[in-house]
Number of protein chains: 2
Amino acid sequence: MEAVAEQVFVALADPSRRSILAALASGGPATATDLANRLPITRQAIAKHLTLLTDAGLVTPEHGERRRVRFRLHSAPMQVAQQFLAAMARDWDSRLDALKDHLER
Amino acid sequence: MEAVAEQVFVALADPSRRSILAALASGGPATATDLANRLPITRQAIAKHLTLLTDAGLVTPEHGERRRVRFRLHSAPMQVAQQFLAAMARDWDSRLDALKDHLER
DNA sequence: GCTTGACGCAACCCGAGAGTTGCAATATGT
DNA sequence: ACATATTGCAACTCTCGGGTTGCGTCAAGC
C-alpha cells in the first residue's frame with residue numbers, strides 16, 4: 001500500500017504527468033500521439049510518462065485496431081494514496097493530541 | 001489549493017523526506033542535528049529538506065533557547081492534498097460514469 | 001508494391017536536485 | 001578567555017530524470 005502511494009506521489013509530482021492525466025480526464029482515453037498533438041512535448045516523452053503511469057496503475061493500456069494503443073484512466077491507486085494521506089495525517093494529529101494530553105496532565 | 005497539493009506531492013515523492021517526516025512523527029519535534037544523528041544523511045542535507053518541507057507547510061520551525069531550532073509537524077497541507085486527490089478521483093469516475101451512460105443510451 | 005502513419009527502442013543532452021565538504025558566526029559552559 | 005557545540009551559507013560533485021533526435025518496424029490504404 002505504501003509502495004502504491006509512493007508511486008502515485010512520484011507520478012503527480014511532475015507537471016507534465018499532471019497535464020497528461022488532465023488531458024485524459026477531459027478528453028477521455030487517448031493514444032500517445034493524440035496526447036502529443038495536444039501537449040507541447042514529444043510523443044516519446046509522453047510514452048515514457050505513460051509507462052511510468054502504467055507502472056503506478058494510474059493508467060491502463062488498451063490495444064485496439066490498427067496497432068493503436070489507447071490509455072484509460074484508473075482511479076484506484078489515487079484512492080489508495082488518499083487513504084495513505086488520511087492515515088498519515090491522523091497519525092500526526094494523534095501524536096499532537098497525546099503530547100497535549102501529556103502537557104495538560 | 002492545487003499549488004499546495006503539488007508541493008505536498010513533491011515533498012512526499014522523496015524517500016529521504018519521508019524518513020524525516022517519519023522520524024518527526026515517531027520522535028516528536030526535533031532539530032536538524034537530532035535528525036542527522038538518527039538518519040544516515042548529513043545535517044546540511046536534512047536542513048535543505050527541512051526548508052523545502054517548511055515551504056510546503058508540512059513543518060514549522062520553532063526558535064528555542066541556545067540558538068536551537070526545532071521543527072514541528074503540521075498536517076493541514078496533507079489534508080488539502082487529500083481533498084485534492086479525492087476531487088481528482090471523483091472527477092475521473094464521473095467521466096467514466098458519463099461515458100457509460102452515453103454507451104447505454 | 002509502395003507509401004503513409006503510428007508505435008517501440010536506443011542513444012544522447014542537459015538541467016535540477018540530492019548529498020557532501022568546508023568555513024564563518026554565534027552562543028553556551030568552564 | 002577559551003573550548004565546544006550548533007546553526008547558516010556557499011561551492012562543488014554526481015547521479016537521475018525529463019526531453020529530444022533518429023531509426024527500424026509493422027499495419028492499413030491506395
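Proteins come first, then strands; the chains are lettered A, B, ... in the order of their sequence lines, and each starts at number 1.
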Side-chain contact test, heavy atoms from C-beta onward, threshold under 4.5 Å: evaluate it for L52(A) versus R17(A) and give yes or no. yes
Taking side chain as C-beta onward, heavy atoms only, is W92(B) less than 4.5 Å from L21(A)? yes
Starting from the first five and the last five pairs of the helix from dG1(C)-dC30(D) to dT30(C)-dA1(D), work out the angle between the resulting helix axes, to 10 degrees. 10°
So H63(B) and R70(B), do their side chains get closer than 4.5 Å, heavy atoms only? no
Whether each nucleotide of nucleotides 4-9 of chain C has a protein heavy atom under 4.0 Å at its base (B), only at its sugar-phosphate (S) or at neither (-) is summarised, 5' to 3', as --SBBB
Name the orientation class of the two ring planes belonging to F9(B) and F9(A) (parallel below 30°, tilted from 30 to 60°, perpendicular beyond 60°). parallel
On DNA chain D, check which nucleotide each of T42(A) and E65(A) is closest to and give me the residue with the more 5' one. T42(A)
Atom-to-atom span, CG of L50(B) to P of dG19(C) - whole angstrom: 12 Å
State, yes or no, whether a side-chain contact exists between H74(B) and L58(B) at a heavy-atom distance under 4.5 Å. no
Using a 4.5 Å cut-off on heavy atoms from C-beta on, say whether the side chain of D14(A) contacts that of H49(A). yes
Between I46(B) and I41(B), is there a side-chain heavy-atom distance shorter than 4.5 Å? yes
Are there more than 12 heavy atoms of other residues, nucleotides or ligands under 6.0 Å from atom CD of E62(A)? yes
Sub-4.5 Å side-chain heavy-atom contact between T54(A) and T60(A): no
Let me see the working for L35(B) and L24(B) under side-chain contact (heavy atoms from CB on, under 4.5 Å), right down to the final yes or no. CA-CA 8 Å; L35(B) 295 169; L24(B) 287 178; 4.2 Å; yes
Respond yes when some side-chain nitrogen or oxygen of H49(A) is under 4.0 Å from OP1 or OP2 of dG17(D), and no when none is. no
In residues 9-20 of chain A, which ones come under 4.0 Å of DNA chain D, going by heavy atoms? D14(A), S16(A), R17(A)
Could you tell me the separation between the CD1 atom of I41(B) and the C1' atom of dA18(C), rounded to a whole number of Å? 9 Å
Protein-nucleotide distance (K48(B), atom NZ; dT20(C), atom C1'), rounded to Å: 8 Å
